[in-house]
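Everything on this sheet refers to the single structure shown next.
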Amino acid sequence: MTYVPFIPEIGAAYTLLGPDGTTVTFNDSTDPNYGGILSDVTGLDSADVRESGDVLVATDGGWHGNFYYGRRPITITGVLPNIVDAADRATKLDRVRNATNAMRADAILSWQNTAVGSVPMQTWVRRQQPARFTGAWVKTFNILLVSQFAQLFSVALHTSATAASVVVENHGNSPAFPIISIHGAITAGVTVTNSTTGLVVQMLSTYSQSGGDVLTIDVLNHTATKNGATTVNSYIDFVNSTWPTVNKGLNTFSVPGGPTLSLAWRDTWS
């Protein structure tokens with residue numbers, strides 16, 4: 001499978017799964033959780049951009065440092081036409097309101113474009129501003145959400161084989177942050193390398209584990225656990241770790257010295 005291009009489609013089928021389990025779907029009137037037709041979706045084109053720069057004194061121009069993406073605000077605007085009666089309208093719009101009621105836990109917004117080769121995509125969101133319903137009988141709704149993540153993700157969670165060296169692929173255009181699991185005995189630290197990019201994550205030489213143990217490294221959060229329970233962050237070599245991501249296309253990850261590794265990741269788009 002090659003790179004999968006993405007551009008937002010207002011007419012795609014969208015689903016929002018709220019923290020309480022309420023599900024609402026848009027643009028599919030045959031779905032039992034139908035909540036209306038969308039007239040606009042913004043924020044899937046890009047996350048916020050954080051600049052680093054300033055002006056030059058007493059001359060034209062300025063200077064730039066590194067720019068970064070911030071959070072991703074998403075606005076969903078739609079209308080609920082063809083209502084049977086007031087009860088039907090209340091049921092459908094109440095479903096919209098409840099599914100977007102994500103305050104202290106995330107809702108999941110998912111969709112799939114209609115273009116051939118498109119894959120199901122998703123992101124995690126919370127309600128950023130009050131939900132608004134306007135109009136008399138035919139109601140228009142405006143939902144403002146925000147994701148803590150700059151990227152958009154594939155719904156599919158990919159997993160690699162377990163070996164000393166594995167080749168994995170990101171079908172999106174933004175670096176994916178994998179969960180790396182290292183299986184087997186480690187006596188004096190270990191280093192995982194993405195030889196495609198040269199990025200590494202290292203454990204200090206004082207770290208060890210037995211043959212039945214599994215070391216799990218979360219590249220996004222810069223954390224590590226042993227056997228899914230014991231935190232071993234103090235053994236991470238933060239000075240020399242550059243945190244290997246799964247970049248666009250094929251990437252080769254390897255671990256020397258006897259252990260094996262496996263990865264879990266999602267395709268990601270910026």
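These numbers come from a predicted model, not from an experiment.
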Quick one: [atom1] on [X] to [atom2] on [Y], what's the gap to the nearest 0.5 Å?
X    : Y    : atom1 : atom2 : value
I182 : T260 : CD1   : OG1   : 9.0 Å
Q209 : K226 : CD    : NZ    : 6.0 Å
S174 : F149 : OG    : CZ    : 12.5 Å
T15  : W111 : OG1   : CH2   : 11.0 Å
T23  : N33  : OG1   : CG    : 5.5 Å
L145 : T100 : CG    : OG1   : 7.0 Å

(message) Test side-chain contact (heavy atoms from CB on, under 4.5 Å) on V125 and L16; report intermediate values, then the result.
(response) CA-CA 9 Å; V125 296; L16 192 62; 4.1 Å; yes
(request) Run through T230, T216, N233 and flag the one making a side chain to side chain contact (heavy atoms under 4.5 Å, CB included) with T225. (result) T216
(request) Report the C-alpha separation of L144 and R127 in whole Å, then their side-chain angles, then the decisive distance to 0.1 Å, and conclude whether the side-chain contact (heavy atoms from CB on, under 4.5 Å) test is met. (result) CA-CA 6 Å; L144 281 74; R127 181 182 286 180; over 6 Å; no
Taking all non-hydrogen atoms of both residues, which atom of [X] and which atom of [Y] are closest, and how far apart?
X    : Y    : answer
H171 : D267 : N-OD1, 3.0 Å
Y14  : E9   : OH-O, 2.6 Å
L38  : N27  : N-OD1, 2.9 Å
N113 : I7   : ND2-O, 2.8 Å
S154 : Q122 : O-CG, 4.2 Å
P256 : P259 : O-CD, 3.4 Å

Whether the side chain of [X] engages the backbone of [Y] through a donor-acceptor N/O pair (distance < 3.5 Å, no angle test) should be reported.
X    : Y    : result
S165 : S254 : no
Q112 : S118 : yes
D48  : G70  : no
S147 : W124 : yes
W269 : D45  : no
N170 : V246 : yes
K248 : T268 : no
N251 : N247 : yes
N98  : R95  : no
N227 : V214 : yes

Got [X] and [Y] here, is their nearest side-chain heavy-atom distance under 4.5 Å?
X    : Y    : answer
S52  : H64  : no
L261 : V192 : yes
I179 : W265 : no
S195 : T252 : yes
V96  : I143 : yes
H158 : R266 : no
P244 : F253 : yes
T42  : I74  : no

(request) Could you label the plane-to-plane angle of the Y207 and Y235 rings as parallel, tilted or perpendicular, counting under 30° as parallel and over 60° as perpendicular? (result)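 Ring orientation, 0 to 90° scale: perpendicular.
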(request) Report the relative orientation of the aromatic rings in W243 and F238; use parallel for angles under 30°, tilted for 30 to 60°, perpendicular for over 60°. (result)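 W243 and F238: tilted rings.
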Check: [X]/[Y] side-chain N/O donor and acceptor closer than 3.5 Å:
X    : Y   : answer
N142 : T77 : yes
D28  : T30 : yes
D94  : T91 : no

(request) Return each pair, listed once, that meets salt bridge (Lys or Arg N to Asp or Glu O under 4.0 Å) where at least one residue sits in residues 65-89; pairs must be two or more places apart or across chains. (result) D88-K92
(request) Could you go through the ring-ring contact (aromatic ring centres under 6.0 Å, His included) check for F26 and F141 one step at a time? (result) CA-CA 12 Å; F26 303 107; F141 53 85; 5.5 Å; yes
(message) Please determine whether the number of non-hydrogen atoms from other residues, nucleotides or ligands lying under 6.0 Å from atom CG of D54 exceeds 12.
(response)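 Yes - once you tally the heavy atoms of other residues, nucleotides and ligands closer than 6.0 Å, there are more than 12.
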(request) For atom OH of Y34, decide whether the heavy atoms of other residues, nucleotides or ligands shown that lie under 6.0 angstrom number more than 12. (result) yes
(request) Identify, with sequence neighbours excluded, every residue that meets side-chain hydrogen bond (donor to acceptor under 3.5 Å, both in side chains) alongside N240. (result) D237
Determine, using the 4.5 Å side-chain heavy-atom cutoff (strictly less than), whether [X] and [Y] are members of one ILVMFWY cluster.
X    : Y    : value
L80  : V41  : yes
I76  : V138 : yes
I217 : F177 : yes
L44  : I10  : yes
I180 : L199 : no

(request) Verify side-chain contact (heavy atoms from CB on, under 4.5 Å) between V190 and V255, making sure each step is shown before the conclusion. (result) CA-CA 7 Å; V190 68; V255 58; 3.2 Å; yes
(message) Using the rule given for side-chain hydrogen bond (donor to acceptor under 3.5 Å, both in side chains), can you reason through D20 versus T22, listing the C-alpha separation, both sets of side-chain angles and the distance that settles it, and then say yes or no?
(response) CA-CA 6 Å; D20 69 349; T22 301; 2.9 Å; yes
(request) Would you sort out whether M203 and I236 count as a side-chain contact (heavy atoms from CB on, under 4.5 Å), showing the intermediate values? (result) CA-CA 4 Å; M203 302 297 287; I236 299 174; 3.9 Å; yes
